[in-house]
*Asks:* 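First, the structure itself, so that you have it in front of you.
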Amino acid sequence: MENKVYICNTGEDSISIVDLNSFLQIGKMELQQGINLSGIRKPTLGPHHMVIDHNQQYLYTSNSHNSTISVIDLIKKKIVDDIGVGSCPTHLQICNKNKTLYVVNSDSNSVTAIDLETRAPIAQIPVGAMPHDVKLSIDGQKLYVVNVEAHSLTVIDTSSNEQDKTIITPPHPYHITLSQDGKLLYIINTGYPLMEAGSITVVESGTYQIMDRIFVGKMPMDAVIGHQGLYLYIADAEMNAVSVLEIQSQKLIHQISVGRMPGCIARSENGKYLLTTNIQDNTLSVIDQAELKLAAIIPVGIEPNGILCI
């Protein structure tokens, strides 16, 4: 499984498997046959994001179209369970500390907590309007949820599965990433509903004070920290590019063209590559992180979204 990448294809109910050694799609897991309308296959699951358990046997996908989580056994290569959650689940996070899977429900304005041993929901935690992304603190004590329409960050205590606090942010926080030491939260504010420039909001994780707001690009969607923690790599859906932000100087120092409408970005497990899923041309772009050059564009499934690197 080394140097493999899994891609959620929302538009065709499948998961692409990409080999970063050969830069090829080497397989595809079909999750559902979908329905046919006038000869056109329509997805019924809409897999959006995925996480994997610590044994790397079970893959969990959030299915935005039918409000479920699919449990996929990678040994058997098939769905072995479905878990009902809230409406339009998007992003997932596993807390190994309490053996819980957390699911963001965008249309239910909630987070579902699922016991990984029983696969049963154990809590439904209210958050702000249209939550989208979620990240876990390094110590596993806090869960950070960004709420797009509420313009806020909700902090959940994982020991009690209850809200700890809510912080108002600049408009439309869409994704979130953490610094290497977990002391800073980088919130990606898209700006697209207001047709204004996007930005990165920097929040101190101890006090939850907003330290900075850095205006970047046209429609930033997602970001990831580089392996040395010096740069923030930002996928911009309108510019069809990845921008490189030097964190210390807060300056954009480089830009790499990728596929059309990159929505998600990730770093390969070995740190060599940056990866973006490009929704409009159904591809995965691979960037050599050392050279900051496009290494490959790989065709995948329809409407690729979530990226999982192994």
Side-chain angles (χ1 to χ4, degrees), residues 1 4-20 24-34 41-53 56-74 77-83 85-94 101-107 112 114 131-135 174-175 177 221-222 224 235 237 258-269 273-286 297-310:
M1 293 176 67
K4 299 295 186 297
V5 180
Y6 290 79
I7 308 294
C8 277
N9 300 310
T10 306
E12 65 174 37
D13 290 346
S14 71
I15 295 175
S16 291
I17 306 170
V18 171
D19 181 8
L20 290 181
L24 293 172
Q25 177 179 273
I26 58 172
K28 186 182 284 188
M29 289 188 285
E30 301 290 342
L31 303 182
Q32 187 122 323
Q33 291 302 313
R41 180 182 166 189
K42 298 291 184 181
T44 56
L45 295 179
H48 184 89
H49 186 237
M50 67 198 132
V51 290
I52 195 168
D53 74 334
Q56 295 194 345
Q57 179 179 356
Y58 295 108
L59 193 68
Y60 301 86
T61 67
S62 56
N63 303 316
S64 296
H65 295 346
N66 78 341
S67 303
T68 64
I69 303 301
S70 290
V71 184
I72 303 166
D73 188 320
L74 292 179
K77 295 184 180 180
K78 68 176 184 177
I79 295 175
V80 293
D81 206 352
D82 290 294
I83 307 166
V85 290
S87 181
C88 192
T90 51
H91 282 254
L92 308 168
Q93 190 79 82
I94 288 178
L101 171 66
Y102 291 96
V103 183
V104 171
N105 307 305
S106 285
D107 287 351
T112 301
I114 298 169
H132 184 77
D133 196 14
V134 58
K135 291 292 188 296
Y174 196 68
H175 278 118
T177 191
M221 299 295 287
D222 197 6
V224 66
V258 292
R260 293 166 54 203
M261 198 175 176
C264 294
I265 186 169
R267 188 164 51 89
S268 65
E269 191 65 19
Y273 300 113
L274 300 169
L275 312 162
T276 67
T277 44
N278 310 306
I279 296 171
Q280 282 193 343
D281 59 13
N282 304 324
T283 61
L284 176 74
S285 291
V286 183
I297 294 183
I298 305 166
V300 289
I302 298 172
E303 197 181 337
N305 262 304
I307 307 169
L308 177 65
C309 300
I310 297 177

*Asks:* Check Ser285, Pro262, Cys264 against Thr277 for a side-chain contact (heavy atoms from CB on, under 4.5 Å) and give me the one that passes.
*Replies:* Cys264

*Asks:* For Pro47, does its backbone N or O pair with a side-chain atom of Thr10 as donor and acceptor, under 3.5 Å?
*Replies:*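 Yes; at least one donor-acceptor contact below 3.5 Å.
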
*Asks:* Roughly how far, to the nearest 0.5 Å, is CG of Asn105 from OG of Ser67?
*Replies:* 7.5 Å

*Asks:* Begin with the C-alpha distance, continue with both residues' side-chain angles, and end with the deciding distance and a verdict on side-chain contact (heavy atoms from CB on, under 4.5 Å) for Ile15 and Asn9.
*Replies:* CA-CA 6 Å; Ile15 295 175; Asn9 300 310; 5.7 Å; no

*Asks:* If only atom types and distance count, is the side chain of His91 paired as donor or acceptor with the main-chain N or O of Val104 below 3.5 Å?
*Replies:* no

*Asks:* Looking at His132 versus His49, is the centre-to-centre ring distance below 6.0 Å?
*Replies:*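 Centroid distance His132-His49: not below 6.0 Å, so no.
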
*Asks:* Do you know which two heavy atoms are closest between Leu275 and Cys309, and how far apart they sit?
*Replies:* CD1-SG, 3.4 Å

*Asks:* Listed by chain and number, what are the salt bridge (charged side-chain N to carboxylate O under 4.0 Å, His left out) partners of Asp81, not counting sequence neighbours?
*Replies:*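 With neighbours one apart ignored, the set is Arg119.
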
*Asks:* Report yes if the side chains of Gln57 and Asp73 come closer than 4.5 Å at any heavy-atom pair, otherwise no.
*Replies:*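 Yes; the side chains approach each other to less than 4.5 Å.
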
*Asks:* Please check if the side chain of Asp222 supplies one atom and the backbone of Ile265 the other of a donor-acceptor pair under 3.5 Å.
*Replies:*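 Side chain of Asp222 to backbone of Ile265, a donor-acceptor pair under 3.5 Å: yes, one is there.
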
*Asks:* Applying salt bridge (charged side-chain N to carboxylate O under 4.0 Å, His left out), can you list everything that pairs with Lys28, at least two apart in sequence or on another chain?
*Replies:* Glu12

*Asks:* In Å, rounded to the nearest 0.5 Å, how long is the span from CG of Leu20 to CD1 of Ile298?
*Replies:*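 It is 6.5 Å, given to the nearest 0.5 Å.
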
*Asks:* Indicate the atoms forming the closest heavy-atom contact of Ile279 with Pro304, along with that distance.
*Replies:*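 Looks like CG1-O, 3.5 Å.
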
*Asks:* Say whether, by atom type as modelled, one donor and one acceptor occur between the side chain of Ser14 and the main chain of Glu30 under 3.5 angstrom.
*Replies:*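 Between the backbone of Glu30 and the side chain of Ser14 there is no qualifying donor-acceptor contact (under 3.5 Å).
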
*Asks:* Quick one: do Asp19 and Lys4 satisfy side-chain contact (heavy atoms from CB on, under 4.5 Å)? Show the steps, please.
*Replies:* CA-CA 5 Å; Asp19 181 8; Lys4 299 295 186 297; 4.0 Å; yes

*Asks:* Less than 4.5 Å apart, side chain to side chain, heavy atoms only: is that true for Cys8 and His48?
*Replies:* no

*Asks:* Apply the test side-chain contact (heavy atoms from CB on, under 4.5 Å) to residues Val80 and Tyr58: give CA-CA distance (whole Å), side-chain angles for both, the deciding distance (0.1 Å), then the verdict.
*Replies:* CA-CA 9 Å; Val80 293; Tyr58 295 108; 4.2 Å; yes

*Asks:* Once rounded to the nearest 0.5 Å, what's the spacing between atom OG1 of Thr276 and atom CG of Leu284?
*Replies:* 6.5 Å

*Asks:* By side-chain hydrogen bond (donor to acceptor under 3.5 Å, both in side chains), which residues pair with Asp82, not counting sequence neighbours?
*Replies:* Ser70

*Asks:* With heavy-atom distances below 4.5 Å as the criterion, would you say the side chains of Ile114 and Tyr60 are in contact?
*Replies:* no

*Asks:* Would you find a donor on one side and an acceptor on the other, under 3.5 Å apart, between the side chain of Asn63 and the backbone of Gly46?
*Replies:* no

*Asks:* Please round to the nearest 0.5 Å and tell me the distance separating atom CG of Leu59 and atom CG of Leu74.
*Replies:* 5.0 Å

*Asks:* Return yes if some donor-acceptor pair links the side-chain N/O of Asp281 with the main-chain N/O of Arg260 below 3.5 Å, else return no.
*Replies:* yes

*Asks:* So which heavy atom on Leu31 is nearest to which on Ile79, and how close?
*Replies:*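 Closest approach of Leu31 to Ile79: O-CD1, 3.6 Å.
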
*Asks:* Output the distance between atom OG1 (Thr61) and atom CD1 (Ile69), rounded to the nearest 0.5 Å.
*Replies:* 6.5 Å

*Asks:* For Ser62 and Leu92, which heavy atoms make the closest approach, and how far apart are they?
*Replies:* N-CD1, 3.7 Å

*Asks:* I need the Tyr6 OH to Ile72 CD1 distance, nearest 0.5 Å.
*Replies:*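 Here the rounded value is 9.5 Å.
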
*Asks:* Verify, without hydrogens or angle tests, whether Asn282 (side chain) and Glu303 (backbone) share a donor-acceptor contact under 3.5 angstrom.
*Replies:* yes

*Asks:* Would you confirm whether Ser106, through its side chain, and Pro131, through its main-chain N or O, come within 3.5 Å as a donor-acceptor pair?
*Replies:*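 Indeed, once roles are kept as given, a pair shorter than 3.5 Å links the two residues.
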
